[in-house]
There are 2 protein chains.
Amino acid sequence: MSAVAEVTPAADGARAWEVVLRRIEGDLVAGILKPGDHLPAERALAAELGVGRSSVREAIRVLEVLGLISTRAGSGPQSGAVIIARPTGGMSALVRLQVAAQGFAVPDVVATRVVLESAVVTELSAGRPPLTEARELLDAMEQPGADGGPLARDEFLTLDQAFHLALAAASGNAVIASMMSGLRDSIEQYIRVGASVLPVWAATQERLAREHRAIVGAIDEGDAEGARTRIRNHIETYHAETNVSSIHDH
Amino acid sequence: MSAVAEVTPAADGARAWEVVLRRIEGDLVAGILKPGDHLPAERALAAELGVGRSSVREAIRVLEVLGLISTRAGSGPQSGAVIIARPTGGMSALVRLQVAAQGFAVPDVVATRVVLESAVVTELSAGRPPLTEARELLDAMEQPGADGGPLARDEFLTLDQAFHLALAAASGNAVIASMMSGLRDSIEQYIRVGASVLPVWAATQERLAREHRAIVGAIDEGDAEGARTRIRNHIETYHAETNVSSIHDH
DNA sequence: GATACCGTGTGGTCAGACCACATGGTCAGA
DNA sequence: TCTGACCATGTGGTCTGACCACACGGTATC
């Protein structure tokens with residue numbers, strides 16, 4: 001009566017897919033698996049760990065959503081699950097779903113963006129890297145669109161996102177870069193909806209481009225305080241204008 | 001079954017588990033699902049969406065790891081998958097695995113902690129909330145252990161983590177709180193290993209407690225600058241001491 | 001009225017079977 | 001020899017069906 005034999009699942013308290021996850025994590029920490037390496041085939045992994053293939057697939061799926069691996073069917077060197085370690089997608093999914101589930105409030109997301117981007121421009125003002133990629137994006141944003149007028153809204157927003165990400169990447173901190181990108185991505189669709197109803201989008205777009213230039217200018221001059229103020233106003237004004245305060249109507 | 005072309009996996013570019021994920025996300029955004037609500041049973045969801053139960057389970061697993069739902073077997077009101085929206089666990093898993101996969105460098109994790117916690121204490125210095133929970137944790141950290149000496153290392157580190165989380169929670173920003181907690185959790189195990197080899201842990205523990213008091217003191221006085229400096233030194237010194245610069249030896 | 005029992009529905013897991021796909025070899029033809 | 005078509009192979013993607021352990025809730029029993 002005292003010792004009950006738990007035969008089938010979780011003899012050690014862990015579910016089958018957790019066993020797989022821990023195994024892979026252990027191999028990563030131990031250096032057995034590195035970025036670029038291939039995971040064993042699902043069927044082989046299942047046999048080796050003594051679990052079903054479906055459990056292996058649940059672990060694989062988690063790793064894929066978290067941005068650790070990429071899977072491709074077929075045969076040959078390109079197929080299978082390969083370690084990629086791209087945190088951006090996973091961060092986006094996490095924030096986006098938590099916003100949807102009301103675990104994150106949109107104002108908190110915006111406020112956190114301000115904190116992170118302020119830290120980024122502070123860092124950049126001190127180091128003053130060339131910011132080549134960011135400048136190229138700014139140039140592209142000011143190019144006329146196909147109809148001769150300003151760039152289309154969707155293209156502009158895509159470049160805008162890339163610009164902010166380029167700043168974060170230039171700071172050299174991958175954690176901040178992915179978090180920033182995730183925060184932005186997560187409310188991206190709501191931003192596009194908000195922007196689509198703006199009556200004077202062309203003027204807004206022109207203003208945003210001007211603010212971008214001012215931010216880069218402050219960084220170039222080593223004016224950390226000015227860069228912080230500008231990036232804060234840039235982000236907060238933008239979100240206030242597109243009215244993305246909450247995605248839940250009720 | 002009789003459904004034609006339903007077996008084709010990516011006819012619309014989306015895999016089956018993505019269909020399930022999007023459906024649930026859509027229900028969340030639409031307000032059909034709220035925190036506390038139960039998801040339909042896996043078998044029912046599979047039948048409704050025309051996918052296999054294994055695909056539903058892959059989506060469920062992702063949502064569980066991301067901290068959106070909690071699953072329990074059995075029957076009755078407590079069973080099934082319920083929306084919880086607790087981002088902390090998901091953030092921890094994401095950061096921890098990305099560190100393991102070398103997508104995140106440990107110094108970047110520490111630097112981001114400094115950025116976020118600096119923002120937290122800045123905010124707290126302006127608002128000056130009572131910080132009741134944080135103070136109680138500090139008291140608990142200074143209680144003697146079972147043997148009359150200082151608190152055990154593991155218990156102290158648990159309280160330390162709770163203290164930092166309490167500060168973040170007091171700032172009212174759930175996004176920052178979960179990110180901070182995730183950053184700390186993700187390297188927690190490496191910290192414990194590093195702390196276990198410290199020759200003078202008792203002295204370190206006493207110093208950490210003193211620094212905690214100083215941080216709270218600066219917040220109480222509305223000294224944002226002092227609080228920032230103290231929290232930065234607190235975190236950076238700690239990690240330098242426990243030598244958690246990299247988890248990959250090679 | 002309280003207790004023991006058992007049916008029911010849940011998630012957790014596994015085994016087996018297909019499919020679509022990408023590869024790489026083989027083989028027939030130019 | 002070169003070129004093209006062809007097919008065997010191994011991969012992930014998916015579905016189906018079947019168990020298990022578990023928690024609940026009703027029912028029968030005391």
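Side chains are part of it too, since the values below use all heavy atoms of this structure and drop only hydrogens, waters and symmetry mates. Chain letters run A, B, ... following the sequence lines, proteins first, then strands; residues in each count from 1.
The side chain of Arg43(B) lies closest to dC19(D), out of dC14(C), dC15(D), dC19(D). Counting only heavy atoms from C-beta on, Ala16(B) has its side chain closest to dT14(D) among dT14(D), dG12(D), dC14(C). Here the nucleotide nearest the side chain of Ser54(B), chosen from dT11(D), dC15(D), dG11(C), is dC15(D). Of the candidates dG12(C), dT14(D), dT11(D), the closest approach to any side-chain atom of Ser79(A) belongs to dT11(D). Residue Gln78(A) places its side chain closer to dT23(C) than to any other of dT23(C), dG12(D), dG13(D).
Below the 3.5 angstrom threshold, one finds no donor paired with an acceptor across the side chain of Arg61(B) and the base of dG12(C). At a cut-off of 3.5 angstrom, counting only N and O atoms as typed in the model, there is no donor on one side facing an acceptor on the other between the side-chain of Arg53(B) and the base of dG17(D).
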> Which dot-bracket notation, 5' to 3', represents the base pairing of DNA chain C when pairs are defined as Watson-Crick or G-U with both distances under 3.5 Å, crossing pairs as [ ], and inter-strand pairs as |?
Replying inline: ||||||||||||||||||||||||||||||

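When the C1' atom of dC14(C) is taken as reference, atom CD of Glu48(A) falls 18 Å away, rounded to whole Å. Whole-Å rounding puts the Leu49(A) CG to dC14(C) P distance at 10 Å. The distance from atom CG of Leu39(B) to atom P of dT10(C) is 13 Å, rounded to the nearest whole Å. Note: CD1 (Ile60(B)) to C1' (dT10(C)) measures 12 Å, nearest angstrom. Look at CH2 on Trp17(A): it is 12 Å from C1' on dG12(C), rounded to the nearest Å. When the C1' atom of dG12(C) is taken as reference, atom CD of Glu58(B) falls 14 Å away, rounded to whole Å. The NE2-P distance, from His38(A) to dT23(C), rounds to 11 Å in whole Å. Following rounding to the nearest Å, Arg57(B) (CZ) and dC15(D) (C1') show an atom-to-atom distance of 15 Å.
Side-chain N or O atoms of Glu42(A) include none that pairs as donor or acceptor with a backbone N or O of Val56(A) at under 3.5 Å. Of the possible donor and acceptor atoms, none in the side chain of Glu117(B) sits under 3.5 Å from a partner among the backbone N and O of Met180(B). Between the side chain of Ser92(A) and the backbone N or O of Thr88(A), at least one donor-acceptor pair lies under 3.5 Å.
Under a 4.0 Å N-O distance rule, the pair Arg96(A)/Glu188(A) does not qualify as a salt bridge. Contact check on Asp27(B) versus Arg23(B) returns a salt bridge, with a Lys/Arg side-chain nitrogen under 4.0 Å from an Asp/Glu carboxylate oxygen. Taking 4.0 Å as the cut-off between side-chain N and carboxylate O, Arg43(A) and Glu48(A) do not count as a salt-bridged pair. Ionic pairing of Arg22(B) and Glu25(B) is not present here: no N-O contact between side-chain nitrogen and carboxylate oxygen is shorter than 4.0 angstrom.
Contacts between residues 67-75 of chain A and DNA chain C, defined by a heavy-atom separation under 4.0 Å, are made by Gly74(A), Ser75(A).
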>> Evaluate Leu63(A) against Leu97(B) for side chain to side chain contact (heavy atoms under 4.5 Å, CB included), listing each step before the verdict.
In response: CA-CA 8 Å; Leu63(A) 293 175; Leu97(B) 286 168; 4.1 Å; yes

>> Apply side chain to side chain contact (heavy atoms under 4.5 Å, CB included) to residues Glu155(A) and Met141(A) and explain how you reach the verdict.
In response: CA-CA 8 Å; Glu155(A) 297 173 38; Met141(A) 272 189 266; over 6 Å; no

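Looking at which nucleotide of DNA chain C each of Pro77(A) and Glu64(B) is closest to, the 5′-most match is held by Glu64(B).
Contact annotation: Ser55(A) side-chain N/O to dC14(C) OP1/OP2 distance is under 4.0 Å.
Note that the CD1 atom of Ile176(B) and the CG atom of Leu183(B) stand 11.5 Å from one another [nearest 0.5 Å].
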